[in-house]
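Working notes for the structure below.
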Amino acid sequence: NCFQWGIESELYHFTKKMIQLRKKYPHFRKSHFLTDRDIHWYGQWHSDDHFLAFKLMDESDPLSFYIAFNAGNKSIPIILPKSEHRWELV
């Protein structure tokens with residue numbers, strides 16, 4: 001690996017946080033192909049705005065994760081889906 005993983009780099013901290021999320025929540029450790037019980041899709045990747053999002057769920061945990069990707073060249077307002085819990089930015 002020739003990438004310089006400096007302890008202060010943004011990529012280092014982001015990667016560390018992603019590893020912590022995967023270890024903590026079963027949502028990110030599925031051993032099977034995701035079904036409609038695991039994931040709900042929002043948006044369309046082939047639309048002009050290049051925005052795609054999904055809500056990741058797990059039967060063993062009441063929490064869910066809303067994950068959004070904006071690959072377009074402009075900012076897009078995101079409307080979070082209704083939830084019984086308060087959404088939190090991670």
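Applying side-chain contact (heavy atoms from CB on, under 4.5 Å) to Tyr25 and the options Asp61, Asp58, Leu56 leaves one that passes, Asp61.
Looking at Trp41, its side chain never comes within 3.5 Å of a backbone N or O of Leu52 through a donor-acceptor pair. Not one N or O on the side chain of Arg22 forms a donor-acceptor pair closer than 3.5 Å with the backbone of Arg29.
Under the 6.0 Å cut-off for aromatic ring centres, Phe51 and Tyr42 do not qualify, their centroids lying 6.0 Å or more apart. A ring-centre distance under 6.0 Å is found for Phe65 and Phe28.
Shortest non-hydrogen contact noted between Met57 and Lys30 is O-NZ, 3.8 Å. Ser75 approaches Asn70 most closely through the heavy-atom pair CA-ND2, 4.2 Å. The shortest non-hydrogen separation linking Tyr66 to Ala53 is OH-CB, 3.3 Å. Closest of all the heavy-atom pairs between Ser60 and Pro26 is OG-CG, 3.8 Å.
How far CD1 of Ile76 is from CZ of Phe69: 13.5 Å, rounded to the nearest 0.5 Å. Atom CG of Leu11 is separated from atom CE of Met18 by 11.0 Å, given to the nearest 0.5 angstrom.
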- Task: Output, in order, the C-alpha distance, side-chain angles, deciding distance and verdict of side chain to side chain donor-acceptor pair (under 3.5 Å) for His50 and Asn73.
- Result: CA-CA 9 Å; His50 302 289; Asn73 58 3; over 6 Å; no

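A 4.5 Å side-chain heavy-atom check between Ser9 and Phe14 finds every atom pair outside the cut-off.
Asp38 and His27 are not linked by any side-chain donor-acceptor pair at a separation below 3.5 angstrom, with hydrogens and angles left out of the test.
Among residue pairs with one or both ends in residues 76-90, none qualify as salt bridge (Lys or Arg N to Asp or Glu O under 4.0 Å); sequence neighbours excluded.
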